[in-house]
Amino acid sequence: MDGAAPNAAAGSGATAETQPHLILIDGSGYIFRAFHALPPMTRPDGVPVNAVFGFSNMLGQFLTKHVGSHIAVVFDSSRKTFRSDFYPDYKAHRPEPPPELVPQFALIREATAAFGVAGVELDGFEADDLIAGYAKAFVETGGQVTVVSSDKDLMQLVRPGVQLLDPIKQKPIREPEVLEKFGVTPDKVVDVQALAGDSTDNVPGVPGIGIKTAAQLILEYGDLEGLLAAADKIKQPKRREALLANAELARISRRLVLLDENCPLPSPIDALLARAPEPTRLSGFLREQGFRSMLHRMGLDGDTAPESAPVSRPRQAFQLPGLQPEAAAPEPVSTEAAPFGPYETIADPAQLAGWVAKAQASGLLAIDTETDGLDALNANLVGISLAVAPGRACYIPLRHGPPPGTGDMLQEAPVAPPQMTQDQAVEALRPLLADPSVLKILHNAKFDLEVLGRAEHGALQLSPVDDTMLISYSMDAGRHGHGMDELSLRHLGHRPVSYDEVTGTGRARIPFTQVALDKATAYAAEDADVTLRLWQALRPKLLPQKSLALYEQVERRMVAVLREMELAGIKVDGAELARIGEDFTQRMATLEKQIHELAGKPFNVGSPKQLGEILFDEQKLPGGKRGKAGAWGTDAAVLEDLAARGHELPRQVINWRQLAKLKSTYVEGLAAQIDPRDRRVHTDFSMAITSTGRLSSTEPNLQNIPIRSEEGVRIRRAFVAEPGHVLLAADYSQIELRLLAHLADVPSLRDAFEKGEDIHSRTASDIFGLPRDQVDKEARRRAKTINFGIIYGMSAFGLAARLGISPGEARGIIDAYFSQYPGILEEMERLKSEARETGYVMTPFGRRLWIDGIQAKEQARRGNAERAAINAPFQGGAAEIIKRAMVRMPAALKAANLSARMLLQVHDELLFEVPQGEVTATAECVRSVMEGVAELRVPLKAEIGFGANWAEAH
DNA sequence: TACATCACG
DNA sequence: GACGTACGTGATGTAC
């Protein structure tokens with residue numbers, strides 16, 4: 001805080017009074033610093049404000065120290081700039097701003113205005129261009145300019161009358177500083193940058209040339225064109241070749257870095273005149289944000305009404321110089337929350353425009369869609385609800401018809417309620433939904449994105465998006481469900497109107513299109529309201545719960561990936577299914593006849609109850625056990641046991657059941673799911689169902705398509721590639737056992753994986769004390785059973801049952817296993833006690849998996865929970881690994897210029913549809929993504945196959 | 001709607 | 001000494 005006031009520094013004796021002085025603040029730089037320097041802070045209503053706070057503080061501090069005749073904060077406009085027109089990659093790999101920052105952009109513009117400072121931005125131009133434009137114009141009128149920024153791209157502007165001010169070091173940057181940084185005078189900076197490039201902005205430059213070399217060349221040849229003209233005379237062969245080969249790239253680079261000082265100026269210079277902030281406006285703004293300490297510091301808190309301070313969650317102590325975060329305050333004391341309703345019904349575009357403006361201003365928008373079905377690829381859009389703040393929500397009906405029973409039976413035709421057309425709503429919403437400065441919040445975003453993205457619904461695209469279901473799942477998997485109603489009750493203490501309440505149930509149920517608008521609004525708008533409030537309640541918990549990275553990097557990114565997969569679907573040969581079905585039908589009929597003869601009477605083979613009575617009551621076969629309901633158990637293990645004793649009836653029932661299962665579920669069930677438009681089946685992946693972090697798949701479930709039996713393989717063959725394509729399957733090999741070797745750090749298992757040896761043979765050798773080359777099939781089979789059993793928390797009893805040996809023998813094997821691999825025993829115990837003490841276990845990548853029942857008094861229930869606790873990190877860790885591969889896959893394929901589509905995920909397998917000519921390259925790309933996705937103590941391995949159908953691809 | 005069964009990893 | 005006995009899913013048919 002020395003006296004490096006720009007007016008004194010720039011004006012060489014001149015004062016602010018005598019010479020015009022324009023201060024241009026680089027808004028993005030301020031925002032970025034403020035956001036990253038401060039811990040998360042939220043207003044009492046949950047809106048994040050740490051960047052707003054930091055920005056306001058920095059701007060306020062600046063104004064107290066520096067005086068200029070003119071001042072403006074210059075912002076980047078959200079849209080693309082003219083640079084991407086001639087070089088699409090420019091700044092293309094910039095990550096989206098973090099979701100907590102998104103709603104703050106609008107508030108920061110408000111803050112600027114509240115401080116009485118002009119805010120300047122222009123579509124199609126970067127802040128740097130506007131800064132260049134204003135600087136040039138101002139200098140031409142004889143004024144001085146100070147640009148508050150440390151961005152090196154702005155150094156090209158330094159000249160007599162124009163200087164930069166480093167906002168962190170409070171140090172002016174003039175010609176000597178530029179010379180030090182670039183090795184050339186400011187007027188040559190762009191030529192140096194053209195050669196050196198800039199990886200963060202994707203400015204290519206000339207490969208192999210950095211700033212030092214570039215400066216040397218420019219000093220020698222004057223400028224870029226001079227250098228390129230003389231390039232063939234350069235002595236160093238590498239440098240010469242690089243320059244000759246990349247001359248055009250260098251010219252493009254120069255255009256990219258050269259600021260457009262002739263850009264249009266959105267406000268006249270007079271509009272940038274410095275003026276004192278209007279106290280009521282400033283205090284109003286600060287009070288709205290809850291910035292009490294700042295109000296106080298500025299002496300603006302004289303007669304303020306009591307209000308609550310923002311909730312601050314300082315995580316690590318960090319302060320900007322002269323900038324104090326607000327004191328930590330307790331959770332907002334339940335100031336009476338906004339009521340849930342009444343909500344507004346929107347019938348015309350003018351009304352909607354008001355809501356769009358509100359969302360634009362707040363930067364936050366919760367959205368929910370109402371449809372006439374749960375199948376996102378087929379359901380029709382019935383209405384859209386929006387929420388912009390707690391309690392402020394509306395419903396836009398689009399396809400509501402007359403409610404039932406309206407209209408006169410005799411004459412009057414039933415009348416649909418007033419509503420705007422879908423086109424009107426879609427066009428009003430489209431810019432808002434795409435606006436990168438407005439965060440869209442949804443619950444189960446994948447569904448709404450699929451519905452709104454369909455062409456017949458206007459092909460709406462939403463970005464950026466947060467998903468409250470996934471936020472909840474990231475922290476609380478296994479703890480409870482993640483449906484909106486359940487979360488509302490749990491976190492907001494509010495039971496929303498249920499769907500059944502508005503549509504009725506059973507025979508009396510009416511389609512949502514016929515629900516009267518007042519009821520529909522009460523239901524639909526409330527869902528958007530609840531979604532917004534859930535976001536406010538849950539989103540701030542991600543960081544302290546250490547689940548933020550998982551949510552941001554995995555779950556949030558999975559939405560788009562799964563959406564593409566569901567949309568793609570997989571082709572199923574319906575004619576082949578029909579042939580299989582006929583064959584099964586015939587064979588079942590034959591079997592049924594035999595079974596009835598063996599039973600001595602006809603009965604329903606599909607009825608376990610009737611079968612049990614025949615087997616155990618009538619025929620008195622041994623080994624019958626009754627289940628919960630008192631019925632005889634007749635599952636495959638029981639029947640298999642009887643069959644092994646030579647009984648024919650159970651054998652044939654086993655065969656019949658296999659065919660019945662395949663026929664009903666996979667032949668008929670699947671055929672019914674083929675979409676006639678593309679002859680493909682489109683599953684719905686559920687992202688927040690499992691207790692371990694796995695996906696699940698429904699309608700149809702494409703994660704349990706048969707493969708293990710010969711008959712099953714026939715069904716899998718009906719999953720085919722389009723003509724000219726193949727299916728490519730990539731499986732993680734032994735992923736859970738690799739995680740076991742990693743987590744328990746087992747030297748022998750690590751060694752086996754490292755060397756690519758058969759892991760079960762290694763285990764057999766270790767626990768049975770056999771030399772590696774003397775492990776026979778039976779020993780390997782036993783070792784395999786125990787290896788998998790371990791991951792499932794199996795007991796000696798269970799192992800005995802599986803291996804058909806006595807519990808004593810099984811105990812001996814388990815003892816040998818744990819004495820060979822003591823790290824595994826330790827890890828099992830550690831997981832049980834972690835679950836007991838905390839209620840959860842962690843996956844290797846930081847997902848918290850809650851274990852239900854771990855504290856139960858009933859031994860059986862607790863035993864179940866302990867086994868779940870042992871299994872969860874392995875199953876969950878594997879799920880994490882494949883999800884990470886999936887979120888990386890689309891970009892990797894694109895970068896390799898491959899057009900393969902990812903179709904399915906089956907827990908440790910990814911299935912792709914690949915153009916025939918790209919198979920080898922795709923296999924390599926997929927392998928490298930899958931194997932490179934995590935660094936464990938053992939290597940990851942992906943096994944890849946391909947073929948005309950899914951069976952062949954294995 | 002509950003249960004049993006069985007398809008997958 | 002008894003208890004129960006390998007984790008995680010979803011779809012189907014029967015019986016109530």
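FYI, side chains are in, hydrogens and waters are out, and symmetry mates aren't considered; it's all heavy atoms of this structure.
- Side-chain atoms of A:S498 and A:E501 include a donor-acceptor pair closer than 3.5 Å.
- Heavy-atom contacts of chain A under 4.0 Å fall on DNA chain B between two terminal nucleotides, which in 5' to 3' order are B:dA4 to B:dG9.
- In the model, A:S761 has a side-chain atom that pairs as donor or acceptor with a side-chain atom of A:D758 under 3.5 Å.
- Separation of the P atoms belonging to B:dC6 and C:dA2 is 32 Å when rounded to the nearest angstrom.
- Residue pairs satisfying the salt bridge (charged side-chain N to carboxylate O under 4.0 Å, His left out) criterion with at least one member in residues 815-825 of chain A, sequence neighbours excluded, are listed as follows: A:R811-A:D815.
- Secondary structure note: stems in DNA chain C built from 3 or more consecutive Watson-Crick or G-U wobble pairs under 3.5 Å occupy B:1-9 with C:7-15.
- A tilted orientation is assigned to the rings of A:W632 and A:F616, their planes being inclined by 30° to 60°.
- Exactly one residue among A:R479, A:E486, A:H480, A:H482 makes a side chain to side chain donor-acceptor pair (under 3.5 Å) with A:S472. That residue is A:H482.
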Going 5' to 3' through nucleotides 6-16 of chain C and flagging B where a protein heavy-atom sits under 4.0 Å of the base, S where only the sugar-phosphate is that close, and - otherwise, we get BBBSBBSSSSS
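- Among residue pairs with one or both ends in residues 589-611 of chain A, those qualifying as salt bridge (charged side-chain N to carboxylate O under 4.0 Å, His left out) are A:K601-A:E618, A:K609-A:E613; sequence neighbours excluded.
- In this structure, a donor-acceptor pair under 3.5 Å is absent between the side chains of A:Y551 and A:D467.
- Residues in residues 587-612 of chain A take part in these ring-ring contact (aromatic ring centres under 6.0 Å, His included) pairs, two or more places apart or across chains: A:H596-A:F603.
- Listed by chain and residue number, nothing satisfies the side-chain hydrogen bond (donor to acceptor under 3.5 Å, both in side chains) test with A:R861 (two or more places apart in sequence, or in another chain).
- Ring centroid separation for the pair A:F788 and A:H760 comes in under the 6.0 Å cut-off.
- Nucleotides C:dA6 and B:dC8 have their C1' atoms positioned 16 Å apart, rounded to a whole Å.
- The stretch residues 847-866 of chain A participates, sequence neighbours left out, in these ring-ring contact (aromatic ring centres under 6.0 Å, His included) pairs: A:Y840-A:W850.
- The stretch residues 707-719 of chain A has no heavy atom under 4.0 angstrom from DNA chain C at all.
- Side chain to side chain, A:Q658 and A:S709 meet the donor-acceptor criterion of an N or O pair below 3.5 Å.
- A:Y817 and A:D766 form no side-chain donor-acceptor contact under 3.5 Å, judged by distance and modelled atom types alone.
- The ring-ring contact (aromatic ring centres under 6.0 Å, His included) analysis of residues 564-593 of chain A, with sequence neighbours excluded, yields no pairs.
- For the segment residues 940-954 of chain A, the set of residues with a heavy atom within less than 4.0 Å of an atom of DNA chain C is empty.
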For a quick test of your reading: what N or O donor-acceptor pairs under 3.5 Å do the side chains of residues 799-810 of chain A make, sequence neighbours left out?
{"from": "A:S806", "atom 1": "OG", "to": "A:G808", "atom 2": "N", "distance (Å)": "3.4"}
{"from": "A:S806", "atom 1": "OG", "to": "A:E809", "atom 2": "N", "distance (Å)": "3.1"}

